[in-house]
Amino acid sequence: MALSGIIEDIVFRNDENGYTVARLERDESVVTIAGKFIDVQIGAEVTLEGKFEKTKYGVQYSFSSYQMSAPKSLAGIEKYLGSGLIRGVGPITAKKIVERFGKDTLDVLEYSPQKLSQIVGISEKKAVEIGFSFKEHHEVQNTIIYLQNFQITTNMALKIYNIYRERTGEIVKNNPYKLVEDVDGIGFVTADRIAQNVGIPTNSMFRVRAGLIYVLKTSCEKNGNTFLPKVMLLSEAAKQLELDLEENESVFSEAFESLCADKTAVTAWVENAHSEDGSRMEIVMLSKYYFYENSIAQKLVWLNSCRQNEQFDISQEILAFEQQNHITFHEEQKNAIVGAINNGVFVITGGPGTGKTTIIKCILEILRAQNKTVSLCAPTGRAAKRMSDSTNCEAKTIHRLLEVNAMQDGNSFFVHNESNPLKTDCVIVDEVSMVDAQLMCALLKAMPRDCKLILVGDKDQLPSVGAGNVLADILQSGVISFCALSKIFRQDEKSLIITNAHLINEGKMPMIDNTSLDFFFESKDDPEIIKNTILELVTRRLPKYLNMDAKQIQVLAPLKAGVCGIENLNKCLQESINPPSPQKRQLEFARIIFREGDKVMQMSNNYDLAWKKHGRFADEDGQGVFNGDIGVVNTIDPQTGEVIVEFEDGRICKYTRLDLGDLSLSYAITIHKSQGSEFDVIIIPAIAGPSIILTRNLIYTAVTRAKKMVVIVGEKQYLRRMVANKYTATRFTNLKRLLIEANDKVKNLFD
């Protein structure tokens with residue numbers, strides 16, 4: 001339903017996201033309207049598309065799109081100009097201008113602004129400035145309306161305009177694919193839709209270049225690759241573009257060469273690991289990923305080489321720790337401690353119950369006895385908190401350790417970097433398996449040149465969500481010393497979580513006779529019954545049995561879609577655990593209802609979002625929330641779209657409606673998103689699904705997230721398939737090769 005009228009008054013305006021509540025005059029009546037305007041002023045004539053809705057503030061018209069035109073009446077023009085729209089024009093000046101030029105006012109402002117100097121109080125210089133401001137405003141409005149024709153949102157249209165300014169229209173008409181490279185949030189599909197509308201040929205060099213970038217980006221962001229073989233890149237791009245590679249060989253060649261010429265991409269020849277004849281292949285990587293991995297390799301080799309001659313005899317220190325804590329270390333645990341103390345870089349890897357936490361505590365005591373300062377960190381807030389609790393020392397997320405400062409050229413910029421390194425003698429990183437190439441690069445850049453690095457993790461867990469395979473590449477390179485722990489120590493006689501985790505990791509079915517205190521299997525053979533059983537377990541059975549709040553129970557699902565996927569489970573769990581109530585405000589965004597009291601998760605890194613934290617020792621503030629952070633919705637303002645979230649580590653963040661796309665309900669989360677976290681109780685649906693997803697290390701990762709109890713609901717045949725399925729998606733990464741090359745160069749220097 002369309003609605004037209006004149007903006008009479010602006011009741012509320014959020015300049016961050018454009019959300020506006022205003023009064024619209026139409027047909028001798030006044031209507032309250034609410035929605036997003038890129039820019040709006042009193043007196044403007046608008047046509048809105050939306051619908052009337054009942055709210056707690058009364059009936060209002062909520063609009064999703066609009067068109068704006070200049071006012072036609074003299075009173076409307078005067079109100080329009082005098083509302084602060086144009087720099088240098090207030091109500092008094094606006095009245096003078098309209099009195100002098102009447103209905104020609106807007107034409108004078110646009111085409112002959114120098115005529116404004118005929119008015120007393122307006123100099124020639126000021127007349128030109130007023131004209132420029134008016135023209136700039138018109139450019140913005142016209143650009144927004146133009147971009148909206150291509151189904152681009154108002155917020156994204158403003159983002160595009162702020163990058164290209166007056167060149168926006170020209171770029172969109174001539175090469176909309178440039179948006180893919182320059183504007184975060186604009187993908188190839190959107191650019192391609194614009195290109196088709198403006199008549200750009202499907203075999204245009206611009207389109208092929210954008211297609212190549214799209215395939216490389218998607219490969220990094222969705223599959224974790226840092227490079228692709230050139231043959232695969234060209235083949236996949238041709239498929240995405242629906243072009244014949246042979247027929248368009250010259251265009252593909254030109255587009256590929258342009259990527260390399262301007263350093264958007266980097267190429268190299270490497271050994272083909274899948275070839276039996278030892279042949280080489282050409283690989284292609286986006287420049288930033290080459291930089292990340294090369295920087296990691298160089299810094300790791302440097303840190304490692306700095307301390308190769310250190311050989312401390314710490315047998316007495318280890319013995320003292322054993323006596324003080326009434327334990328006896330296994331030989332492999334002692335090897336891990338000695339290796340960590342005597343190497344510049346050292347990796348400790350092992351599954352649950354192998355004593356990694358106790359080893360870290362011993363290493364900490366020895367380093368402190370040597371008067372060394374140690375920084376503890378982990379990729380997620382949950383992992384950092386667990387590290388703090390187990391060591392009784394402060395541990396931070398890697399982002400907090402580096403201190404997020406701002407966004408710069410689309411990349412995270414940290415306070416601590418090579419120009420301002422951390423003031424520490426040693427950094428210990430837990431849950432390192434989930435650290436991607438970008439974050440590891442940032443951490444290493446911030447480490448002093450003589451700093452010790454100890455990496456702790458489980459090599460059998462899922463790799464990082466982000467691009468790279470850092471832990472696996474380090475271990476496989478043979479450059480960095482490591483200790484793989486295999487002996488299980490932490491295990492209660494009646495506990496099966498650790499036992500079953502190791503059985504799964506060995507490809508054996510877990511013990512599921514339901515006689516233990518912490519590992520159970522509920523056999524159900526229908527997705528609807530599985531879903532209903534999970535709801536009953538979360539909301540009634542387990543809270544009563546364990547005397548805990550339902551929100552402390554975490555559902556970890558393998559899939560997003562389907563009856564037992566996280567999207568459907570979250571809706572059902574929300575309705576059961578946190579149903580609608582007159583006492584709880586809510587709002588809907590992107591088909592998700594957020595309600596006060598909801599469990600939510602941050603789905604991507606946002607380095608700009610500010611937070612405050614009330615700590616035990618001091619209050620803090622900073623910026624940056626990150627992929628996987630879990631919190632609770634404290635308050636919601638449906639009118640402004642502002643949502644206050646308190647995360648588990650105490651950070652409190654204000655989300656504008658513009659930021660809500662990064663939030664999701666988290667009563668149920670994917671197993672991938674659970675990496676680095678630990679929950680008292682987890683429930684896992686065992687359901688049918690693609691074999692490339694339902695793998696052994698997926699179910700292993702899920703089970704190792706539980707501290708007190710695991711409940712699997714579903715069919716044994718699907719659990720059996722997961723345990724037997726040792727498929728691991730091969731990631732194309734370059735770090736192993738670069739580590740070996742960097743290490744060989746260092747060796748040659750000293751030979």
Side-chain angles (χ1 to χ4, degrees), residues 226 273 292-312 314 332-351 354 356 359-360 363 366-367 372 374-379 398 422 424-461 463-464 467-486 731 733-751:
T226 58
Y292 294 150
E293 291 188 313
N294 189 54
S295 179
I296 291 168
Q298 299 292 332
K299 190 63 177 279
L300 283 176
V301 168
W302 171 268
L303 293 173
N304 199 45
S305 64
C306 283
R307 295 175 177 268
Q308 283 187 339
N309 297 322
E310 289 188 345
Q311 289 299 318
F312 293 103
I314 55 170
E332 68 179 16
Q333 292 179 307
K334 291 180 182 178
N335 291 338
I337 297 165
V338 171
I341 296 297
N342 287 325
N343 284 276
V345 181
F346 194 75
V347 181
I348 301 169
T349 178
T354 54
K356 297 191 296 293
I359 288 169
I360 292 173
I363 291 168
I366 294 170
L367 289 172
K372 304 293 186 184
V374 183
S375 298
L376 303 178
C377 62
I398 298 173
L422 295 161
T424 187
D425 297 312
C426 176
V427 173
I428 302 179
V429 187
D430 198 8
E431 295 285 357
V432 72
S433 63
M434 63 181 300
V435 178
D436 61 24
Q438 182 179 5
L439 188 56
M440 180 59 80
C441 175
L443 176 62
L444 290 171
K445 282 166 68 177
M447 288 181 60
R449 292 169 67 83
D450 59 348
C451 189
K452 179 188 293 293
L453 175 64
I454 301 168
L455 303 174
V456 184
D458 185 345
K459 64 180 177 59
D460 295 314
Q461 285 192 27
S464 60
N469 205 5
V470 175
L471 178 59
D473 282 350
I474 290 173
L475 293 173
Q476 291 168 20
S477 72
V479 171
I480 305 299
S481 298
F482 68 91
C483 180
L485 304 169
S486 57
R731 287 192 172 189
T733 58
N734 218 12
L735 179 57
K736 175 183 171 182
R737 179 181 71 87
L738 292 169
L739 272 167
I740 294 170
E741 288 182 1
N743 194 54
D744 288 344
K745 286 179 183 176
V746 170
K747 279 183 179 178
N748 292 335
L749 285 174
F750 294 101
D751 286 345

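Remark: L738 CG to N743 CG distance equals 12.5 Å, nearest 0.5 Å. A distance of 12.5 Å separates CG in N734 from CG in N469, rounded to the nearest 0.5 Å. Between the NZ atom in K445 and the CG atom in L422 there is a gap of 13.0 Å [rounded to 0.5 Å]. To the nearest 0.5 Å, atom OG1 of residue T349 and atom NZ of residue K459 are 6.0 Å apart. Atoms CG and CG, from L455 and L475 in turn, are 9.0 Å apart once rounded to the nearest 0.5 Å. Here the straight-line distance linking atom CH2 of W302 with atom CG of D450 works out to 9.5 Å at 0.5 Å rounding.
The shortest heavy-atom contact between A340 and I363 is CB-CD1, 3.5 Å. Nearest heavy atom pair, residue A467 against residue D436, reads O-CB, 3.3 Å. Between K356 and V456, the shortest heavy-atom contact is CD-CG1, 3.8 Å. Residues S375 and T424 come closest through the heavy atom pair OG-OG1, 3.1 Å. Across all their heavy atoms, L485 and A336 have their closest contact at CD2-CB, 4.3 Å. When all heavy atoms of S305 and V746 are compared, the closest pair comes out as CB-CG1, 4.1 Å.
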(message) I'd like to know whether L453 forms a side-chain contact (heavy atoms from CB on, under 4.5 Å) with L300, so could you lay out the CA-CA distance, the side-chain angles of the two residues, the decisive distance to 0.1 Å, and finally the verdict.
(response) CA-CA 9 Å; L453 175 64; L300 283 176; 3.7 Å; yes
(message) L367 vs D425, test: side-chain contact (heavy atoms from CB on, under 4.5 Å). Steps then yes/no.
(response) CA-CA 9 Å; L367 289 172; D425 297 312; over 6 Å; no
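Between V347 and the options V429, I454, I480, a side-chain contact (heavy atoms from CB on, under 4.5 Å) holds for only I480.
Side-chain contact between V435 and V470 is absent, with no heavy atoms from C-beta onward closer than 4.5 Å. Counting heavy atoms from C-beta outward, Q461 and E431 have side chains that approach closer than 4.5 Å.
Applying the side-chain contact (heavy atoms from CB on, under 4.5 Å) rule to S477 yields the partners V479, K736, L739, I740; only residues at least two apart in sequence or on another chain are considered. The side-chain contact (heavy atoms from CB on, under 4.5 Å) search around K299 returns L303, L444, M447, not counting sequence neighbours. Residues passing the side-chain contact (heavy atoms from CB on, under 4.5 Å) test with V338 are I314, I318, N342, sequence neighbours excluded.
In this structure a side-chain-to-backbone donor-acceptor pair under 3.5 Å is missing from K372 to I366. Remark: side-chain polar atoms of N343 are paired, donor with acceptor, to backbone N or O of G339 under 3.5 angstrom. For the pair S295 (side chain) and Y292 (backbone), a donor-acceptor distance under 3.5 Å is absent. No donor-acceptor pair under 3.5 Å is formed between the side chain of S481 and the backbone N or O of F346.
Donor-acceptor pairing under 3.5 Å is recorded for the side chains of T733 and D473. Inspection of the S486 and E332 side chains reveals an N or O donor paired with an N or O acceptor under 3.5 Å.
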